[in-house]
Amino acid sequence: MRWSRLHIPTLRDDPAEAEVVSHKLLLRAGYIRQLSAGLFCYLYLAKRSLRKIERIVRQEMDAIGAQEIYTPELHPADVWKRSGRWDDIGSDMFRLKDRWGRELCLGMTEEEVVTSIAVGELRSYKQLPQIWYQIQAKFRDEPRPKAGLMRVRRFTMKDSYTFDMDSAGLDAAYAQHYKAYCRIFDRCGLDYLAVDAHSGAMGGSESCEFMVPSPAGEDWLVECQASGYKANLEKAVANPQAPASPDPAGEFVPEEFHTPGAKTIEEVSRFDDLPPSSHIKALVMVLDGDPHMVLLRGDHQLSETKLASETGCRELRPAHPEEIEGWLGVGAGFVGPVGAGKVTLLADTALKDRRNMICGANKAEFHLRNVTPGRDFQTRFVDVREVQDGDLDIVSGQPVRRVKAIEVGHIFKLGYKYSESMGLSVLDESGKAVTPIMGSYGIGIERILTGAIEQNHDDSGMVLPVSIAPFQVVVTPVNVKHDEQRETAEALHRDLCAAGVDALLDDRPLRAGAKFKDAELIGIPFRVTVGRKLSDGLVEVSDRKTGVSFDATIEEIAKSLDRRIIEAMPIAKAVR
RNA sequence: CGGGGCGUGGCGCAGUCUGGUAGCGCGCCUGCUUUGGGAGCAGGAAGUCGGGGGUUCGAAUCCCUCCGCCCCGACCA
């Protein structure tokens with residue numbers, strides 16, 4: 001391709017609306033343009049790069065025997081009603097009506113559609129297992145699209161679905177996907193982690209997220225290097241650090257003390273000289289309409305995700321101030337478990353075996369000291385605490401740390417949720433109807449590009465892995481008016497393309513500096529400069545990542561570049 | 001949905017407080033010079049100042065209203 005004929009609108013300045021690196025660079029390098037909040041147009045470079053990512057994904061999916069299919073992005077409401085998710089999913093789903101008033105939605109995931117196909121097609125155990133996948137647009141009406149391609153309302157997803165006769169079959173399909181995903185992310189040059197994850201609205205028993213550590217990420221994962229433990233913060237477990245001061249020994253009776261104006265743990269601890277870890281934090285939450293008081297150690301944070309999965313509730317929110325007043329007769333700052341009346345108590349496991357703690361007295365301006373869980377109030381103990389930096393790993397006892405990351409893939413063991421609700425069944429060897437067990441597996445195609453940019457950039461621009469860069473090589477004649485330089489560059493470019501190298505010819509009539517800057521900005525891994533050394537029969541090859549350059553003769557260049565590209569190509573490593 | 005910010009040629013911004021008919025840098029076009037790290041000179045094109053309404057002799061500027069975008073929070077498969 002000749003750069004002079006391409007539309008690659010690079011910008012010198014960072015667009016004002018971009019905050020995160022990948023967003024800035026995608027705009028500046030002329031990869032994307034925004035159409036509206038969370039909606040982006042992909043220009044030529046982005047499209048090329050995404051196509052390369054998709055190609056890797058296809059190769060690895062095909063390699064595990066998955067079959068590529070396509071289903072429409074527009075779904076009739078009917079299939080979603082059959083699984084129950086038409087009502088379960090709220091305003092995240094784009095819903096619309098056709099001219100007859102029939103309800104439709106834009107697909108945000110395809111379990112329902114794929115299962116409905118399976119219902120019509122699969123009859124016999126002989127047809128199983130099946131792995132179906134597609135690479136297709138998904139739509140989510142995000143409350144807040146942000147950070148360029150990171151969180152958008154339309155994105156490209158590789159989603160696959162497996163159907164098996166039994167859980168051993170599902171385990172195998174899940175393991176196959178796990179391995180394929182590792183190979184995909186390795187080959188895309190990502191530094192990633194596979195973490196234990198929460199299944200959320202997808203349902204199912206087990207799930208694993210593929211996370212790319214990056215400060216720009218929106219998810220947290222928890223990792224212990226000593227034991228290799230890795231989990232999404234929503235699911236992570238660890239032992240809390242010991243309380244900052246030991247509980248007072250002895251059998252004391254709860255006793256009120258005056259704490260005027262002290263509503264937060266911080267403020268109350270000024271009255272009692274005890275650290276937050278000696279306090280009980282009481283949060284009034286509404287779970288499916290019912291009042292609950294969730295008790296945590298004063299220095300701990302509630303994980304709403306854990307609370308939801310521990311209680312199995314569908315809807316969860318903090319109580320409004322008026323509700324708290326109504327149920328407990330006092331404002332939020334002074335509520336506590338002792339004498340909480342009809343409000344259901346739930347305590348975090350970190351409060352088990354603690355004694356003589358501080359908590360709200362359910363009386364304005366008063367707190368209680370010497371409160372011992374299990375003696376002064378009865379409750380169920382559940383793990384609803386968000387893991388903190390420095391907590392101790394369950395297995396190794398070593399500290400864990402929290403890391404920000406971008407989710408690029410997620411694999412789920414779905415179980416029977418969709419096959420059962422939608423009536424999928426096949427006959428087994430004995431002629432008995434059996435409900436197949438399903439799995440579902442997703443990859444965010446654009447997030448691979450985003451993650452790669454976040455992890456690979458410098459002050460000059462993107463430094464893309466050669467496997468997903470829009471071009472592998474750019475051939476740059478320093479001065480196109482110089483006939484010999486121009487002709488040599490054109491010939492080189494032709495030879496490279498003929499040799500299977502994905503090369504771009506920068507034949508624009510610009511000064512060399514401007515061309516170098518642009519090539520660096522858009523992240524082409526190698527540059528061949530045809531310039532003054534041509535009189536000695538030499539051209540210069542420079543490596544975008546290291547900045548290192550070397551001279552090569554024109555005769556050798558195709559071969560030596562080919563070798564460099566192969567060496568630089570990220571390869572699938574051993575499965576982690 | 002709550003809080004904050006912004007909206008002026010393609011991009012980045014000034015001008016708004018204090019009303020007087022739009023400016024700077026980059027980019028773009030033409031010519032000449034230049035040509036290995038975002039060239040120089042000369043000439044030029046390009047703006048419903050987000051939309052609508054109002055106040056005023058006069059509105060980018062003041063008032064009302066609507067829209068859009070970004071950030072924080074809530075939410076999130």
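Worth saying up front: this structure is predicted, and the values here are computed from it rather than measured. When reading the values below, keep in mind they use all heavy atoms of this one structure, side chains included, and skip hydrogens, waters and symmetry mates.
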Between [M] and [N], how far apart are the [atom1] atoms? Round to whole Å, please.
N	M	atom1	result
B:G2	B:U48	P	34 Å
B:A60	B:C6	C1'	15 Å
B:U30	B:C72	P	43 Å
B:U8	B:G3	P	25 Å
B:C62	B:A77	C1'	49 Å
B:G5	B:G50	C1'	16 Å
B:A46	B:C11	C1'	14 Å
B:C17	B:C26	C1'	29 Å

Between the protein and nucleotides 69-75 of chain B, list the N/O to N/O atom pairs that are separated by less than 3.5 angstrom.
from, atom 1, to, atom 2, distance (Å)
B:C69, OP1, A:Ser36, OG, 2.9
B:C69, OP1, A:Ala37, N, 2.8
B:C69, O3', A:Gln34, NE2, 3.3
B:C70, OP1, A:Gln34, NE2, 2.9
B:C71, OP1, A:Ala147, N, 3.3
B:C72, OP2, A:Arg144, NH1, 3.0
B:C72, OP2, A:Arg144, NH2, 2.7
B:C75, OP1, A:Glu304, OE1, 3.0

Any N/O pairs under 3.5 Å between the protein and nucleotides 42-50 of chain B? List them or say none.
none

Describe the nucleic acid contact of [X] in one word from base, sugar-phosphate, nothing, applying a heavy-atom distance below 4.0 Å.
X	answer
A:Glu218	nothing
A:Arg33	nothing
A:Asp14	sugar-phosphate

Which atom names give the shortest non-hydrogen contact between A:Arg95 and A:Trp86, and what distance separates them? NH1-O, 3.0 Å
Grab the two heavy atoms, one from A:Ile524 and one from A:Arg544, that are nearest each other, plus how far apart they are. O-CB, 3.2 Å
Evaluate side chain to side chain donor-acceptor pair (under 3.5 Å) for A:Thr156 paired with A:Arg154, printing each intermediate quantity in order. CA-CA 7 Å; A:Thr156 315; A:Arg154 192 236 87 122; 2.6 Å; yes
Within the supplied structure, the quantity of interest is the number of heavy atoms (other residues, nucleotides, ligands) at a distance under 6.0 Å from A:Lys47 NZ; does it exceed 12? no
Distance in angstrom units between [X] [atom1] and [N] [atom2], rounded:
X	N	atom1	atom2	answer
A:Phe516	B:A39	CZ	P	12 Å
A:Asp459	B:G38	CG	C1'	15 Å
A:Met93	B:A77	CE	P	14 Å
A:Met211	B:C76	CE	P	16 Å
A:Arg508	B:G38	CZ	C1'	11 Å
A:His482	B:U34	NE2	P	14 Å
A:Arg511	B:G38	CZ	P	8 Å
A:Met150	B:A77	CE	P	18 Å

Separation of A:Ile32 CD1 from A:Glu446 CD (nearest 0.5 Å):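 One gets 10.0 Å once the value is rounded to the nearest 0.5 Å.
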So, taking the atom named CZ in A:Arg140 and the one named CG in A:Leu106, what distance separates them when rounded to the nearest 0.5 Å?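 So the CZ of A:Arg140 and the CG of A:Leu106 are separated by 12.5 Å.
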So do A:Leu296 and A:Arg385 actually touch side chain to side chain, heavy atoms under 4.5 Å?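 When only atoms from C-beta onward are counted, A:Leu296 and A:Arg385 do touch, with a gap below 4.5 Å.
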So do the side chains of A:Leu307 and A:Leu302 get within less than 4.5 Å of each other, counting heavy atoms only?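 Of all side-chain heavy-atom pairs linking A:Leu302 with A:Leu307, at least one is under 4.5 Å.
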Parallel, tilted or perpendicular for [X] and [Y], by the 30°/60° rule?
X	Y	result
A:Phe412	A:His410	parallel
A:His23	A:Phe40	perpendicular
A:Phe139	A:Phe94	perpendicular

Worked check of salt bridge (charged side-chain N to carboxylate O under 4.0 Å, His left out) between A:Glu112 and A:Arg85: CA-CA 9 Å; A:Glu112 282 80 358; A:Arg85 284 206 292 182; 2.7 Å; yes
In this structure, which one of A:Glu490, A:Arg508, A:His493 forms a side-chain contact (heavy atoms from CB on, under 4.5 Å) with A:Arg2? A:Glu490
Write out a two-atom table: protein N or O, nucleotide N or O from nucleotides 23-32 of chain B, distance below 3.5 Å.
from, atom 1, to, atom 2, distance (Å)
B:G27, OP1, A:Arg12, NH2, 3.0

Using the side-chain heavy atoms of A:Asn479, tell me which of these nucleotides is nearest: B:U35, B:G36, B:G38. B:U35
Has the side chain of A:Lys515 got a donor or acceptor atom sitting under 3.5 Å from an opposite partner on the base of B:U35? no
